*Asks:* 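What follows is a single structure, and I will ask about it in a moment.
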2 protein chains.
Amino acid sequence: MKPQRANSRNDALIEAAAELFASQGYKSTSMRDISKAVGMLPGSIYYHFPSKDDLLLAIYESGVERITETLEAAVEPLVDPWDRLQAGMSAHIRAITQESAYTRVIFRVEPDDVPKYKSQLVALRDRFEAQFKSLVDDLPLAPWVDRHLLRLMILGAGNHARLWFSPDGGNAPEEIGARFCRLVRDSICN
Amino acid sequence: MKPQRANSRNDALIEAAAELFASQGYKSTSMRDISKAVGMLPGSIYYHFPSKDDLLLAIYESGVERITETLEAAVEPLVDPWDRLQAGMSAHIRAITQESAYTRVIFRVEPDDVPKYKSQLVALRDRFEAQFKSLVDDLPLAPWVDRHLLRLMILGAGNHARLWFSPDGGNAPEEIGARFCRLVRDSICN
DNA sequence: TGACTAACCAAACAAGTGTTTGTTTAATCA
DNA sequence: TGATTAAACAAACACTTGTTTGGTTAGTCA
């Protein structure tokens, strides 16, 4: 009466692959790397997934699902538009630097790396970025502000954190998100 | 009396490699791709460069030299700190989206892709990013503004443009740089 | 003219790639 | 118990990878 054994190995496989894709990138991770990490032979992976590309696609889908839910959960209880943006930016930084490997893969692996599923991967990324559209649209801004470009700036600032964030020593993701939000919000010219 | 023939082929080779690295990425570009693009056999490349890694390093160095000079030239004649920042951001966007393949490689290929020269590539990137440090430091800002994080936000916003910039249809790099700068400068809360 | 060299070709090399095939083991279920 | 199936192994396959080696050609220079 323990039919979960089946899924457990499948989960371990996808988890190990996500960890490697997130830390080494897609092209630099071989099926042999993955098989070694999960403790099976290279060919055995193909019982669970038809190809390396499909494996990544599955990780991407899980990752986007997680990040969208996490972001929604962080924003939902808040009312003030600026509070909501801050919570969103914090969740963004968290997903990119700390959270599960699934979410980190989304920002590490570019859709270009998998021509076969490029459009799907782009669409998945868009689903996440779209969440910021409403966050920005709800801000009480002067009419001349370019909300589209503001959203792109916010997303860019968050994505970039992957390259400089340091888990120990520097600030926590929540602190970074808060400070980013304050930069956007406050008048910063004298 | 035409000893430049030698360098001309060398330049064509590095140029072709830069074009491919910028558009396809480092791992996805093979020496055979490069050799085909420049019109020689794969092995012939090794007369000019000792390895693929060294080829990338040379491109990186040229790219950083170009972008730093371009940025300096764009900023140098200006005096007002905000004008200088705007010129810098425009140059950044230009280098990432349009300019020579050399500069685009810097933002497309991550140092992680070349473990052998990772530290050198990171150092080269830093040389570029350092230029923004002085641009941000010279801004007349309220004392509570986190200049370090502001610089990271600006760099992130620029780097991100690679993923959404459209040469035709959308705005020109200069227009984007100007609007980005205005977003940073103006108070955007009501 | 003859030695020298820059620049390349032609062909292979060893290692690594994603993937497939046939087989085995262990658990499930009638 | 016996048939069935999930899940993996063992071994190879066809191909691509960066790179090396030895030879060839054309131009330079004393």
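Every chain is numbered from 1 and lettered A, B, ... according to where its sequence line falls, protein lines coming before strand lines. All values reported here derive from a predicted model rather than from experimental measurement. The analysis underlying the following values was restricted to heavy atoms, covering all of them including side chains, and did not include hydrogens, waters or symmetry mates.
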*Asks:* Looking at the side chain of B:H48, which of C:dC8, D:dA8, C:dC9 is the nearest nucleotide?
*Replies:* C:dC8

*Asks:* Any side-chain heavy atom of B:K133 within less than 4.5 Å of one from B:R147?
*Replies:* no

*Asks:* Would you mind telling me which of C:dT20, D:dT20, D:dA8 lies closest to the side-chain atoms of A:Y46?
*Replies:* C:dT20

*Asks:* Do A:H92 and A:F107 make the cut of ring centroids closer than 6.0 angstrom?
*Replies:* yes

*Asks:* Base, sugar-phosphate alone, or nothing: which one does B:S35 contact when heavy atoms must sit under 4.0 Å apart?
*Replies:* nothing

*Asks:* Considering every strand and a 4.0 Å limit on heavy-atom distances, what is the contact class for A:S28: base, sugar-phosphate, or nothing?
*Replies:* nothing

*Asks:* Out of B:E99, B:E19, B:Q98, which residue meets the side-chain hydrogen bond (donor to acceptor under 3.5 Å, both in side chains) rule with B:R104?
*Replies:* B:E19

*Asks:* Can you tell me which nucleotide in C:dG18, D:dT17, D:dC9 comes closest to the side chain of B:R32?
*Replies:* D:dT17

*Asks:* Using a heavy-atom cut-off of under 4.0 Å over every strand shown, decide if B:S44 touches base, sugar-phosphate, or nothing.
*Replies:* base

*Asks:* Side chain of B:R9 only, heavy atoms from C-beta on: which candidate in D:dC9, C:dG18, C:dC8 is closest?
*Replies:* C:dC8

*Asks:* Take atom CD1 of A:I34 and atom C1' of C:dG18, then tell me their distance rounded to the nearest Å.
*Replies:* 11 Å

*Asks:* B:M40 side chain: which of D:dT19, C:dC8, D:dA10 is closest?
*Replies:* C:dC8

*Asks:* So which nucleotide from D:dA8, D:dT19, C:dC8 ends up closest to the side chain of B:S51?
*Replies:* D:dT19

*Asks:* Looking at the side chain of A:M31, which of C:dT19, D:dC9, D:dT19 is the nearest nucleotide?
*Replies:* C:dT19

